[in-house]
Amino acid sequence: MWSNWVTFILGIWLFISGLIPSLQGDGNLIATGILAVIFGFIASRTWQGVVNGVLGIWIFLSGIWFMLVSPANFLIVGAIMAIVGIWGAIPSSEDVAHHTA
């Protein structure tokens, strides 16, 4: 599923950007990046998509909450991850057909 790959790639980006001191929030980015990579790699259930969405919301809000000097990374990646995670949690028509058959 494409949403898993997007989350996986965003998780890698969060991890790498956590290693850049000028972006601040290093521990936050690294921890969230690792979780996003794990759940993006194994996401095949609805709850894992929800977890990815929550991680995205957390990154987005932490960009606002912590009053960072440069919150663009947090806001952009967080918004994309939240949208993709929630989108991936919505069952497709194929999933519904398999469960009803």
Revision key, fill the gap. Value for CZ (Phe60) from CD1 (Ile80), rounded to nearest 0.5 Å, stands at 11.5 Å

Check your understanding: Once you round to the nearest 0.5 Å, how far does CG of Leu55 lie from CD1 of Ile38?
Key -> 10.0 Å

Check your understanding: Do you know which two heavy atoms are closest between Gly18 and Leu29, and how far apart they sit?
Key -> CA-CB, 3.7 Å

Check your understanding: What distance do Asn52 atom CG and Phe8 atom CZ have between them, rounded to the nearest 0.5 Å?
Key -> 12.0 Å

Check your understanding: Rounded to the nearest 0.5 Å, what separation is found between the CH2 atom of Trp65 and the CG atom of Leu61?
Key -> 8.0 Å

Review point. Should Val51 and Leu35 count as side-chain neighbours, where that means a heavy-atom distance under 4.5 Å?
Key: no

Review point. Taking side chain as C-beta onward, heavy atoms only, is Leu75 less than 4.5 Å from Ile64?
Key: yes

Revision key, fill the gap. Looking only at heavy atoms, the pair that brings Gly63 and Phe74 closest together is CA-CB, 3.5 Å

Study note, to complete from the structure: Scanning both residues in full, the closest heavy-atom pair of Thr7 with Ala36 reads CG2-O, 3.7 Å

Practice item. Decide whether Ile83 and Ile9 are clustered together by the hydrophobic rule: side chain heavy atoms of Ile, Leu, Val, Met, Phe, Trp, Tyr closer than 4.5 Å, transitively. Key: no

**Study point:** Test side chain to side chain contact (heavy atoms under 4.5 Å, CB included) applied to Thr32 and Leu14, Leu10, Val77, the passing residue
**Key:** Leu14

Practice item. List the atom of Gly53, the atom of Ile86, and the distance in Å for their closest heavy-atom pair. Key: CA-CD1, 4.0 Å

